[in-house]
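Contents: one structure, followed by commentary.
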Amino acid sequence: MSMKGLLFAVLLLYCFVASQGDPIFDVLKYGASGNGQTDDSQAFVKAWKDVCEARNGYPTLLVPKGRTFLLQPTAFQGPCNSPSINFKVQGTLMAPKSVNEWKWPSSDKGAWLQFSYIKGLVLDGRGLFDGQGAPWWDCFKKSQCHDRPRAISFHACEGLKINKVTVIDTPGGHISLNGCNGSIVSNINLLAPKDSPNTDGLGVSGSSNVTIRDSTMKVGDDCVVINGGSYMNISRIFCGPGHGISIGSLGIGGTYGAVEEIHVRNCTFTGSSNGARIKTWEGGFGYVRKVTFEEIILQDVQTPVLIDQHYSTYQATADNQKAIKISDITYRNFRGTSALEEAVKLMCDKNVGCTNLVLDDIKITSSDPKMKTNATCSNAHGTSSASNIPQVSCLLK
Ligand SMILES: *[C@@H]1O[C@H](CO)[C@@H](O)[C@H](O)[C@H]1NC(C)=O
Ligand SMILES: *[C@@H]1O[C@H](CO)[C@@H](O)[C@H](O)[C@H]1NC(C)=O
Ligand SMILES: *[C@@H]1O[C@H](CO)[C@@H](O)[C@H](O)[C@H]1NC(C)=O
Ligand SMILES: *[C@@H]1O[C@H](CO)[C@@H](O)[C@H](O)[C@H]1NC(C)=O
Ligand SMILES: *[C@@H]1O[C@H](CO)[C@@H](O)[C@H](O)[C@H]1NC(C)=O
């Protein structure tokens with residue numbers, strides 16, 4: 001075949017494939033009302049079944065814009081036939097309005113929307129997930145509702161992408177990833193009031209090769225929390241209000257915890273209680289190692305740098321000889337202000353301790369121009385450059 005002929009054939013083939021189009025499964029075609037009042041869960045379940053069974057193209061479950069869909073807790077499960085699936089939310093998904101109205105389809109009450117065993121899932125569309133958390137927070141504050149669902153959970157996925165979605169007012173944490181290797185989370189907004197209890201932003205556990213970038217989290221607890229896993233790059237996150245980007249807590253109740261190769265870069269913390277935080281429970285075992293926090297901007301952050309290897313308040317039964325080992329943690333190029341004097345706090349266990357902590361190019365001054373910042377350590381080993389503000393002279397060799 002001539003070159004021209006070949007090009008022509010390729011073009012024809014392309015037109016053929018393109019004309020097939022990617023199959024779109026619009027929830028309105030499955031009976032969803034989108035009026036914000038009627039329960040639309042069954043329409044989503046039926047649409048999902050077809051999306052998951054589709055074999056060709058890039059099957060898309062479409063939640064159209066300009067409408068609000070009331071959903072009960074719903075599970076979207078794989079494995080699916082297509083190697084990649086789009087869950088495109090352009091409109092608003094809303095949880096039931098009161099705690100009593102939540103109806104669970106199974107005994108697993110972990111999250112409002114649960115995605116599991118799906119490969120190549122892409123959640124995007126610029127839409128809104130409204131978790132209707134306020135009645136849950138009230139219930140929690142009255143010491144009822146101890147266990148509150150997350151808004152969205154992802155379990156056992158591979159190559160997950162979450163891009164351009166907003167989640168507000170979740171009962172518990174906003175989004176969790178568990179067992180999700182190769183995930184990319186970008187351009188998301190997670191928003192809940194500062195005083196909403198334990199409304200973590202993005203929680204990651206048991207996952208490797210994760211990118212989290214270009215996102216805003218204004219929440220009542222940790223903005224990002226890593227509870228296990230490795231090889232994660234976290235960059236350009238705007239956090240606050242919130243409790244910072246945290247590793248742990250790990251090791252609760254004497255359990256194993258392991259986190260390594262976590263790289264946080266170019267993140268901004270505003271009015272948060274912490275910036276770079278590592279917390280582990282007394283009595284646990286395992287490690288946190290090879291973690292870097294770099295190019296960090298701070299504005300009025302209470303304790304920008306915190307390690308707490310004794311994150312325990314009531315563990316009477318904990319084996320206090322044990323602790324999760326913390327090593328090779330680097331803090332470099334921090335700029336900004338701290339709301340409390342103790343800007344750097346490195347509190348390590350007397351038996352296990354922390355080793356090779358490196359603090360370099362740190363300039364954290366007090367939010368109050370009349371005050372100076374300071375650093376506190378116990379059993380912390382490492383090095384700090386002489387030009388750091390505050391001076392971290394409490395580190396052991
Ligand atoms: C990491 O994840 C990306 C994005 O999903 C993927 O392309 C890449 O192959 C993964 N790398 C490894 C080492 O698993
Ligand atoms: C995820 O990555 C970890 C670490 O690389 C590996 O041990 C695990 O088998 C992977 N899981 C899956 C489901 O691919
Ligand atoms: C994280 O960034 C480093 C350095 O840029 C890169 O080598 C690595 O592949 C990245 N890892 C992930 C999970 O994106
Ligand atoms: C850091 O992030 C800000 C805000 O997203 C961006 O403007 C800037 O270019 C980034 N800097 C580096 C060194 O990546
Ligand atoms: C740092 O400041 C706090 C609060 O004023 C004070 O309690 C603490 O003793 C100071 N620590 C050091 C090491 O100066």
Side-chain angles (χ1 to χ4, degrees), residues 157-164 177 179-189 202 204-218 223-224 226 228-240 245 247 259-270 273 275-276 289-299 301-308 328 330 332-348 357 359-380 384 388-396:
C157 34
E158 211 183 287
L160 170 69
K161 292 194 177 78
I162 307 175
N163 186 35
K164 295 191 177 141
L177 269 51
C180 286
N181 289 355
S183 299
I184 303 177
V185 180
S186 55
N187 302 295
I188 65 165
N189 297 300
L202 175 65
V204 185
S205 59
S207 304
S208 171
N209 186 16
V210 176
T211 300
I212 305 168
R213 60 176 176 80
D214 299 294
S215 296
T216 298
M217 290 135 190
K218 301 180 181 207
C223 290
V224 176
I226 310 297
S230 58
Y231 295 95
M232 301 187 202
N233 289 341
I234 303 173
S235 59
R236 297 185 298 275
I237 302 300
F238 293 83
C239 166
I245 294 181
I247 294 176
V259 169
E260 68 182 320
E261 297 282 5
I262 308 295
H263 304 286
V264 180
R265 155 170 278 170
N266 196 7
C267 292
T268 302
F269 298 89
T270 308
S273 59
R289 65 192 179 205
K290 300 183 185 150
V291 176
T292 59
F293 293 96
E294 295 178 282
E295 294 161 33
I296 303 295
I297 308 282
L298 305 154
Q299 195 182 345
V301 175
Q302 286 176 23
T303 309
V305 175
L306 178 65
I307 293 181
D308 186 354
D328 306 313
T330 298
R332 180 170 291 129
N333 189 352
F334 279 50
R335 292 286 179 275
T337 57
S338 165
L340 298 179
E341 282 174 84
E342 280 181 302
V344 175
K345 235 174 138 169
L346 306 167
M347 311 307 282
C348 302
L357 307 182
L359 290 96
D360 183 26
D361 195 17
I362 308 290
K363 301 234 167 357
I364 309 172
T365 56
S366 172
S367 306
D368 178 347
K370 293 192 289 293
M371 308 277 252
K372 284 206 158 79
T373 52
N374 73 26
T376 315
C377 320
S378 72
N379 309 304
S384 170
N388 286 342
I389 303 172
Q391 289 273 305
V392 190
S393 43
C394 50
L395 283 171
L396 307 169

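Worth knowing before you read on, the calculation uses all heavy atoms, side chains too, and leaves out hydrogens, waters and symmetry mates. Both counts, for ligands and for their atoms, begin at 1 and track the order of listing. The structure presented is a predicted model; accordingly, all values stated were derived computationally and were not measured.
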Under a 4.5 Å cut-off applied to non-hydrogen side-chain atoms, are Val185 and Val204 in contact?
-> no
When you check ligand 5 against the protein, what N or O pairs turn up below 3.5 Å? List the atom names and distances, or just say none.
| residue | atom | partner | partner atom | Å |
| --- | --- | --- | --- | --- |
| ligand 5 | 2 (O) | Asn374 | ND2 | 2.4 |
| ligand 5 | 5 (O) | Glu341 | OE1 | 3.2 |
| ligand 5 | 5 (O) | Glu341 | OE2 | 2.7 |
| ligand 5 | 11 (N) | Asn374 | ND2 | 2.9 |
| ligand 5 | 14 (O) | Asn374 | ND2 | 3.3 |

Nearest non-hydrogen partners of Ser215 and Ile188, listed with the distance = OG-N, 3.0 Å
Nearest heavy atoms of Ser208 and Asn181, plus distance in Å | N-OD1, 2.9 Å
Would the number of heavy atoms belonging to other residues, nucleotides or ligands and lying under 6.0 Å from NZ of Lys161 be above 12?
-> no
Part of Glu295 with heavy atoms under 4.0 Å of ligand 4, whether side chain, backbone, both or neither | side chain
May I ask you to list the atoms of ligand 4 that are less than 4.0 angstrom from any heavy atom of Arg236?
-> 2 (O), 5 (O)
Is any side-chain N of the basic residue among Arg332 and Asp360 closer than 4.0 Å to the acidic one's carboxylate O?
-> yes
Electrostatic pair Asp214-Arg236, nearest N-O below 4.0 angstrom | yes
Any donor-acceptor pair under 3.5 Å linking the side chain of Ser338 with the backbone of Gln302?
-> yes
Return a yes/no value for Thr211: is any of its N or O atoms, backbone included, closer than 3.5 angstrom to an N or O of ligand 3?
-> yes
Min N/O separation Tyr231 to ligand 3 under 3.5 Å = no
Check SG atoms, Cys377 and Cys394, less than 2.5 Å apart = yes
